[in-house]
Each structure stands twice: as structure tokens, then as C-alpha cells.
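Since the structure comes first, as C-alpha cells, the remarks are kept for the end.
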Amino acid sequence: MEHVDYLVVGAGLFGAVFAHEAKKAGKSVMVIDRRPQVAGNVYTEEVEGINVHKYGAHIFHTNNKEVWDYVGQFAEFNRYTNSPVANYHGELYSLPFNMYTFNKMWGVVTPKEAEERIAQQREEAGITEPKNLEEQAISLVGTDIYEKLIKGYTQKQWGRPCTELPAFIIKRLPVRLTFDNNYFNALYQGIPMGGYTKMVERMLDGIEVRLDTDYLKDREQWNAMADRIVYTGAIDEYFDFALGNLEFRSVRFETEVLDMPNFQGNAVINYTDAETPYTRIIEHKFFEFGTQEKTVISREYSSEWKPGDEPYYPVNDEKNGTLYEQYRALAEKEEKVLFGGRLGEYKYYDMDKVIERALEVCREELV
Ligand code: UDP
């Protein structure tokens, strides 16, 4: 077997960026992935001429110009701006929480009126220092919005009551006293035209990639052929779950091709009540302003991860945080191996942050 400087385990964003940079730095590199395709969870697959986000909707957004320019080398990004709509028992609200949302919820017209309404509800709830997601949400937007737009959705997504979830999760969601429906505060946003898979393939251009190849099954053999391993799989699985398993939320998609051009009129509609079993419906064509005659939709169901499922969201609570630190201590003793990415670092990473981190690691490693 040939010998390489770097064996990258996992062809997702972290692995692809690392591999690209390693090659550029004159190193020999090989990428392996146990899935039959590259691109990790940003993988897109063409169905009826529509790029379907197979592992859930991914909307690229960043404040980091370096990262934006970086991905720009591999794809042209369109002007897609995420503005999901919330459906609460058939009542529609604008997201993120903004003047349209407040007007629909309370009939308020000015930012001052909205602010007063939120302040009043916050005061009635008597929260000074939010200790969990419920308290954080109420202190940000008041009880009405919490009850209709946050509580049911969050409990479905995380499978736990909002009182048992960390406050930081909800801080991802902006609250605006303007009529801006842009879900993200980021300076740069868009979808790579032609799909994420093509973008990742370009990153991996000229690099040997072996698919359907499971590192953990033959790790002795792989370790023998590389000086360094960049491992982007789950850190607990690397250690055979020796300290117990880290918890993840998994997601299941029911995808359908519909014989109509427009099912819901938006790429993302969140079902925020507790009764609808799915969290959201994605209509993929709208990420790229598609005009196809058919449409593809995915209903997204959230579930607790169990061995054999795909891990999606790390549950970054205290218990799992402590367990992760124990795994990380073990990882630091693996001199040949570098752990990276959402699964390797057990972190609820956005795409831009994964790339930022990968570039940082490259700067330290590829000298
Ligand atoms: N969230 C909510 N209602 C919504 C959308 C989001 O309460 O309609 C909360 C929920 O707690 C969720 C968090 O905001 O876990 C982050 O949501 P986001 O859509 O940013 O998550 P992702 O797109 O990463 O799944």
C-alpha cells in the first residue's frame, strides 16, 4: 500500500478543506469516507433537476470575509436569503422574530410598542438571570411568542423540555425591531449554485478519495500507511464508546416528489406547534430559485440518536460537555491523530465555523 503524509477520515467540510490545503502545501493526502458519497451532511443530490439537501437544509452564512472568499473559490453563490415562515396551527408568522411577527401576534405597529409589549411580558414572568432555554426565550421575546413559536418547536427538535435545555441554543435566533426577515445576521449569505456536492468535489479535485471505506474497521492498516490522521468522525466512536456514548439528536426526512410547481411558496416552513409531528418542511427548489415543473419536499422529524443512526446535532448540555472533555483528554494522547469537525469536536458548528476551524488547524499543522 502506498504511504501518505495525511489520511483524512471523512469527506465533509472539515476533511475536504484540510485535504485541499494539505495538497496545496505539497503534502500527499488521501481521503476516505464510509458513506458512498462525499460532502458529509452538506451532500446534495439532484432529483427532478432540483438539488435536494439530503441531510437537511444547509444555508451558507458568515461574517468572516476570509471564509466567504475561501468557499468562493469552489462555487458561485446565489443571493438566497433565509427567511423561514412559522406555521402555528395554520397561523403564519415571520421569522426571525421581527416587526412583522410582533404586528401579527399583538397588532403593535411601532418598534416602541413592540419593545414595551416584550418588556411587560418579561416583567410579568419575573426573570432576571435566565438559567435555561425557556427563561432565555421569555426574556428575549416574551411569553406569547415563546408559547406559539418556540416551545413546541424546540421540544420537538431536542426531545426535552425547554427548561432542561441550555440557553445558548436560542441565542442563534435574532430578535429585531425592524421589518427585516433575514434569518441570519451574517454579512454574507447564499447557496452554492449547482449544489454543495459539486463545491466539495472541487475542493477534493486531484485528491484520491475512497468511498464506502470505514477507517474504524481497519484502523491498524490505515494507521500504518499515513504519518498523520485527520479524523472527523465521532470522537466517542473512535474510542469504541469506552466512556459511554455522547448524545446526539438525529433527524429523519420523508422526501416526496410532487407533481406541482409550488407546494408551500418558501424553502423553509417551521411547524412550531407541539402537535404536528415534524419540525419543518423544506421545499428544496427555492434554495436556488428553481422553476421546474415538479417540486421536492422533505418533512423533517427529529429523534433521539441511538447506535446505528446518523448523528446530527450534538446535545451540548452539561452532562455531555463533561463526557466530551473526558474523550478529549484521551484524544490528546493520540499523537498521530487530529480530531476535527462537528463529530470530532462534538460541537454544534455552523458551516462557516467548521471551515474557519479547519483553516486554523491547517495553519498550525501544515508548516
Ligand atoms: N427555534 C424555535 N422556533 C423556530 C426556529 C427555531 O424555537 O421556529 C429555536 C429552537 O430552539 C432551535 C433553535 O432556535 O433549536 C435554533 O434553530 P435553527 O433553525 O437555527 O437550527 P438549525 O437550522 O441549526 O436546525
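For ligands, and for the atoms within them, numbers begin at 1 and follow the listed sequence. Nothing here was measured: the structure is a model prediction, and the numbers come from that model.
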Item checked: Protein heavy atom at shortest distance from atom 19 (O) of ligand 1 -> Y183 OH, 3.0 Å
Item checked: Nearest candidate to atom 6 (C) of ligand 1, where distance is taken over non-hydrogen atoms, out of L173, I169, L95 -> L173
Note to self: Taking CD in E123 as the centre, count heavy atoms belonging to other residues, nucleotides or ligands within less than 6.0 Å. Is the count above 12?
What the structure shows: no
Notebook entry, point to check: Which heavy atom of the protein is the closest neighbour of atom 11 (O) of ligand 1, given with residue, atom name and distance?
Noted result: T154 OG1, 2.7 Å
Item checked: Atoms of ligand 1, numbered as shown, that sit under 4.0 Å from any heavy atom of Y313 -> 22 (P), 24 (O), 25 (O)
Margin query: Strictly below 4.0 Å, N to O, side chains only: are R328 and E332 in salt-bridge contact?
Written below: yes
Item checked: Residues R34 and E237 bridged, charged N to O under 4.0 Å -> yes
Notebook entry, point to check: Starting from atom 16 (C) of ligand 1, which protein heavy atom do you reach first, and at what distance in Å?
Noted result: R172 NE, 3.7 Å
Next item on the list: Taking the six-membered ring of Y312 (Phe, Tyr or Trp), confirm whether the NZ or CZ of R249 is under 6.0 Å from its centre and within 45° of its axis.
Entry: no
Note to self: I'd like to check which ligand 1 atoms, numbered from 1 as shown, lie under 4.0 Å from a non-hydrogen atom of Y348.
What the structure shows: 21 (O), 22 (P), 24 (O), 25 (O)
Item checked: Salt bridge flag under 4.0 Å for residues E275 and K156 -> no
Check: Do Q189 and Y80 get their side chains close enough for a donor-acceptor pair, meaning under 3.5 Å?
Finding: no
Margin query: Can you report which non-hydrogen protein atom sits closest to atom 3 (N) of ligand 1, along with the distance?
Written below: L149 O, 2.9 Å
Checklist line | Residue portion contacting ligand 1 (non-hydrogen atoms closer than 4.0 Å) for R280 | finding: side chain
Next item on the list: Would you check whether K151 reaches within less than 4.0 Å of ligand 1, judged by its heavy atoms?
Entry: no
Next item on the list: Any atoms of ligand 1 less than 4.0 Å from a non-hydrogen atom of I150? List them with their elements.
Entry: 7 (O)
Item checked: For W158, the ligand 1 atoms whose distance to one of its heavy atoms is below 4.0 Å -> 15 (O)
Margin query: Does any N or O of ligand 1 fall below 3.5 Å from an N or O anywhere on N270, backbone included?
Written below: yes
Note to self: Out of all atoms in ligand 1, which are within 4.0 Å of some heavy atom of T272? Include the element for each.
What the structure shows: 8 (O)
Next item on the list: Enumerate the atoms of ligand 1 whose separation from the nearest heavy atom of Q157 is less than 4.0 angstrom.
Entry: 12 (C), 15 (O), 25 (O)
Check: Going by an N to O cut-off under 4.0 Å, is there a salt bridge joining E21 and K24?
Finding: yes
Item checked: Carboxylate-amine/guanidinium proximity below 4.0 Å for E293 and K285 -> no
Next item on the list: For this output row, return yes or no: ring centroids of F74 and H20 closer than 6.0 angstrom.
Entry: yes
